[in-house]
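Reviewing the structure listed below.
Nothing here was measured: the structure is a model prediction, and the numbers come from that model. Numbering of ligands and ligand atoms starts at 1, following listing order.
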Amino acid sequence: MGAVSCRQGRHTRVSAPQKQGGNIQGPRAQGWKSLWCGMGTVRSGLEELWELERHQGLHQQPLQPAPLPLEKPLSEWPVPQSISLFLPEFPMRPVRGQQELKILGLVAKGSFGTVLKVLDCAQKAVFAVKVVPKVKVLQQHTLRQCKEEVSIQRQINHPFVHSLGDSWQGRRHLFIMCSYCSMDLYSLWSAVGGFPEASIRLFAAELVLVLCYLHDLGIIHRDVKMENILLDERGHLKLTDFGLSRRLSQGARAYTICGTLQYMAPEVLSGGPYSHTADWWSLGVLLFSLTTGKFPVAAERDHVTMLASVIHCESEMPVSITQELSLLLHELLCQNPLHRLRYLHHFQVHPFFRGVPFDPELLKKQPVNLVMNTQDTSSLESVPFKDFDCDLESWVHSISPDSLL
Ligand SMILES: Nc1ncnc2c1ncn2[C@@H]1O[C@H](COP(=O)(O)OP(=O)(O)OP(=O)(O)O)[C@@H](O)[C@H]1O
């Protein structure tokens, strides 16, 4: 049996961006403080502010705005191991960032990293930056995986995949930057519940194209789930989080038990051998949930119990769904990976996809009314970025130091 690395089914995603002057409280704020304190190249100015706060006993008073001092260029040679270990995927950027990036808010706290929303002042564009503490990477023995994540994301270029903007390292953190998406499928699903079949058909076709593309490149994603599907401004999807992905050539097998329990195929839960086909099971779970508003099998506490539930459960299809969709779900949620749908031509001729063009450009032209409607009614997410254009000093200024302890 392979190593076990299971993730939680849901992130602590912050549903609305934090505005300038907004309150940050509780454990989330604590996360911010420790994050800022260790942000190395990007937030070294903040680190100094925290130090100042500690030594001058300013806990009860708001911090004064202060200019961000530039971090001294790296002069150590040879490069210390704490840096060289993460090269070349995470290059050192001594000056970049602290002058150009401004934190706009906290997006989510994943199991590996914290995702921040930032403004790149030079490019005048908003990005999401995943910040991963190096110490966590080393403690959890995920160095190889972490480098693989970046190297895979650099290689990929597909309209429905979230491509990598940049990656670099500070002294204590790794940074992975991508363009920012204001909505993810999980949040949309939580707000809307079951989706109409027309929307499911479009999402499914886009995901089929992405998964076929990845598998043809010899990449297995291993964490296909709603939280890892972001939606662009027109509602089309972008698969993200390649943190568990790996290169697996056609015909090769994997054994590591990893993924998010509710989405993991039986052959993954049992410790393999498994292949790219496991991603199609996850797609089945995802489509079932989008259709019915609930997961085919409730989450269990560990992979052993989850396996028992998955094996013994015959997911009942609601009578309200069409036969074509029911057939698709059955064929994806097939216990035997060899009998599971998995090739593009399977989907192209499937009755559920009758008339669907399996072409990214044509799919992108189709409207996703569901998302547009939801975004229209959401409050903060649709506020223009300039409204929360705060810089680091004002963040520090606006937050009560007590709430950050
Ligand atoms: N570019 C982005 N724009 C907006 N939100 C994002 C972006 N990237 C990630 N997120 C949000 O942050 C969440 C966590 O990111 P990600 O999955 O990369 O971190 P993680 O630590 O690997 O999470 P986990 O291991 O728990 O899946 C995502 O599920 C998504 O909701």
Residue [X] vicinity, atoms of ligand 1 by number, heavy atom under 4.0 Å:
X    : answer
G113 : 21 (O)
A108 : 12 (O), 13 (C)
K225 : 27 (O)
A128 : 1 (N), 2 (C), 3 (N), 7 (C)
D223 : 27 (O)
N228 : 17 (O), 29 (O)

Donor-acceptor pair, distance only, cut-off 3.5 Å: does the side chain of [X] make one with the backbone of [Y]?
X    : Y    : result
Q153 : H162 : yes
K134 : R171 : yes
E331 : L341 : no
H330 : M317 : no

With a cutoff of 4.0 Å, is K238 in contact with ligand 1, counting heavy atoms of the residue only? no
Sub-4.0 Å heavy-atom approach of S179 to ligand 1: yes
Hey, is K109 touching ligand 1 through its side chain, its backbone, both or neither, going by heavy atoms under 4.0 Å? neither
The answer for which part of L230 has a heavy atom under 4.0 Å from ligand 1 is side chain
N or O contact, [X] vs ligand 1, cut-off under 3.5 Å:
X    : result
H162 : yes
Y180 : no
C181 : yes

Ring centers of [X], [Y] separated by less than 6.0 Å:
X    : Y    : value
F358 : F353 : yes
F352 : H350 : no
H346 : W280 : no

Any donor-acceptor N or O pair under 3.5 Å, side chains T305, D302: yes
Member of E149, M177, H173 meeting the side-chain contact (heavy atoms from CB on, under 4.5 Å) criterion with K130: E149
